[in-house]
Amino acid sequence: MCEHCGCSISHVTARKPETVEVLAGLLDANDRTAAHNRAHLDAHHIVAINLMSAPGAGKTSLLEATIDALKDELRIAVIEGDLETDNDARRIRARGVPAIQITTGNACHLDADMVHEALHALPLDAIDLLFIENVGNLICPASFDLGQHRNVVLLSMTEGDDKPAKYPVMFRAAELVILTKADLAPFMTEFDPARAERAVRDLANPAPVLRLSARLGIGLDPWLAWLRRTISEAHRGEAALSGRSAA
Amino acid sequence: MHEFSVCRGLIASVLSVAKSRQAMVSKVYVSVGPLSGVEPRLLAAAYPLASANTAAAGSELAIEETSLRVRCETCGAETEATPNKLLCACCGAERTRVISGNELLLLRVELQPTESPSETG
């Protein structure tokens with residue numbers, strides 16, 4: 001019987017509407033490229049750190065201080081993400097390490113494709129530690145896995161100590177939280193580091209919370225120790241680095 | 001606003017389903033959790049733009065918003081949580097695992113055959 005009008009004539013059957021079950025992540029394409037990036041990095045024994053924060057929290061300053069402290073010990077490279085300008089990459093190159101600038105135009109985050117392209121422009125055989133400085137933004141970068149091994153989120157003491165509560169997706173993804181501009185703590189009396197840490201714990205996140213001042217070189221040692229530990233964990237067996245997705 | 005990027009990924013998956021069946025898309029069902037990092041309203045606003053001039057143009061987007069629940073690794077309780085309070089509601093422990101609320105999934109696609117039936121009823 002005709003399914004359209006119920007008459008007894010069997011019309012030439014048009015195909016029926018159908019529902020297809022899919023059950024796939026909306027970011028699967030990005031996640032596949034991120035996994036490819038991670039495999040690429042692992043093959044070259046490179047550990048990649050995704051640095052995220054609000055604009056102006058001190059990511060580039062932290063990198064400058066880190067490069068100065070480690071450049072005789074580790075071969076470092078940096079991928080810089082910004083909407084415009086190569087100012088940050090020039091600051092890094094002035095320290096004597098390779099830096100690739102990705103200008104995202106209007107895009108508010110880096111994605112795995114952009115990082116993949118940048119990886120092809122770097123001398124991967126001559127790198128031990130790769131920093132990916134994400135676009136300054138506490139929202140969008142959290143959703144995109146880049147192929148990094150660890151996520152580090154910076155919170156400067158000139159911001160509110162309730163940022164982890166306001167941006168839970170970002171701070172939940174952090175495997176290390178760094179409270180930066182600690183030299184300003186005496187002036188920023190309304191910023192309570194214990195309250196910031198409490199807000200991270202409320203996200204069921206056990207990540208260490210460090211305090212440092214890149215400008216004065218205060219508190220760098222625990223950060224450098226964390227980096228060395230992360231690298232040696234990687235070299236003991238790449239599998240130990242889960243490369244937890246930011247999402 | 002990264003919802004447009006996310007939406008473009010969604011449309012790419014939807015179109016590959018439509019293409020394999022040689023059909024037009026009439027409705028798309030997604031599931032979005034409060035911890036996914038994606039704002040359902042912005043995803044819905046991006047959808048008509050991301051789907052324009054494709055086999056999904058004019059289709060409807062149905063967003064299912066999931067609830068946020070955690071399982072306590074200390075006492076085993078499963079409780080409701082909020083995005084910035086993911087502790088166990090039973091014993092207050094910090095060691096919990098999110099069991100629902102991370103979702104960012106394409107669930108299913110409703111398709112219309114491209115050759116429209118002779119009778120539309």
Side-chain angles (χ1 to χ4, degrees), chain A residues 2-7 9 11-32 104 106-111 113 135 137-144 162-173 198-206 245-247, chain B residues 1-10 12-14 17-18 20-23 26-32 34-39 43 70 72-73 81-88 93-98 102-121:
Chain A
C2 170
E3 290 166 53
H4 298 292
C5 58
C7 71
I9 304 160
H11 295 304
V12 178
T13 18
R15 288 184 306 137
K16 283 180 287 185
E18 63 172 328
T19 300
V20 181
E21 298 292 328
V22 184
L23 216 64
L26 300 196
L27 289 167
D28 276 3
N30 181 78
D31 293 349
R32 275 194 298 275
T104 60
N106 286 317
C108 45
H109 59 272
L110 294 177
D111 65 30
D113 279 324
V135 177
N137 178 342
L138 284 176
I139 307 165
C140 314
S143 291
F144 294 84
D162 59 350
K163 279 266 172 90
K166 286 180 172 168
Y167 300 92
V169 177
M170 173 61 78
F171 282 91
R172 204 168 79 85
R198 181 70 248 162
V200 174
R201 300 294 165 248
D202 281 347
L203 305 176
N205 186 346
S245 159
Chain B
M1 146 148 167
H2 57 296
E3 278 78 2
F4 189 71
S5 309
V6 172
C7 203
R8 283 213 319 232
L10 163 66
S13 306
V14 166
V17 173
S20 68
R21 304 285 206 284
Q22 292 183 309
S26 54
K27 192 165 178 178
V28 171
Y29 294 83
V30 297
S31 164
V32 177
L35 279 180
S36 68
V38 164
E39 178 55 42
L43 189 66
V70 296
C72 180
E73 312 238 298
T82 61
N84 56 21
K85 205 71 157 185
L86 296 168
L87 309 180
C88 173
E94 287 171 10
R95 290 187 53 220
T96 62
R97 215 153 38 82
V98 172
N102 274 329
E103 300 81 359
L104 187 57
L105 291 171
L106 168 57
L107 299 174
R108 57 192 168 273
V109 181
E110 273 180 20
L111 299 169
Q112 283 291 335
T114 38
E115 312 88 337
S116 41
S118 51
E119 316 264 339
T120 49

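Please read these numbers as outputs of a predicted model, since none were measured by experiment.
For the pair B/Arg108 and A/Glu18, the salt-bridge criterion is not met [side-chain N within less than 4.0 Å of a carboxylate O]. The pair B/Arg95-B/Glu73 meets the salt-bridge criterion, with a side-chain N (NZ, NE, NH1 or NH2) lying under 4.0 Å from an Asp/Glu carboxylate O.
Neither the backbone nor the side chain of A/Ala29 comes within less than 4.5 Å of any heavy atom in chain B. Within the 4.5 angstrom heavy-atom criterion, no atom of B/Thr82 approaches chain A. Using a 4.5 Å cut-off between heavy atoms, B/Val17 contacts chain A through its side chain alone, with no backbone atom that close. Interface residue B/Val98: only side-chain heavy atoms are found under 4.5 Å from chain A.
The candidate with the highest count of non-hydrogen atom pairs below 4.5 Å against chain A, out of B/Leu104, B/Val14, B/Val6, is B/Leu104. Taking chain B as the reference chain and counting heavy-atom pairs below 4.5 Å, the highest number among A/Pro164, A/Ala165, A/Ala107 is found for A/Ala165. Between chain B and the residues A/Asn106, A/Leu203, A/Asp202, A/Thr19, the most heavy-atom pairs under 4.5 angstrom are made by A/Asp202.
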- Query: What's the verdict on side-chain contact (heavy atoms from CB on, under 4.5 Å) for B/Val30 and B/Leu107, showing C-alpha distance, side-chain angles and the deciding distance?
  - Reply: CA-CA 5 Å; B/Val30 297; B/Leu107 299 174; 5.7 Å; no

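In this structure a side-chain-to-backbone donor-acceptor pair under 3.5 Å is missing from B/Thr96 to A/Ala204. A distance-only check finds no donor-acceptor pair linking the side chain of B/Ser31 to the backbone of B/Leu105 [under 3.5 Å].
Ring-plane geometry between A/Phe144 and A/His109 is classed as parallel, the angle between the planes falling under 30 degrees on a 0 to 90 degree scale with a further cut at 60.
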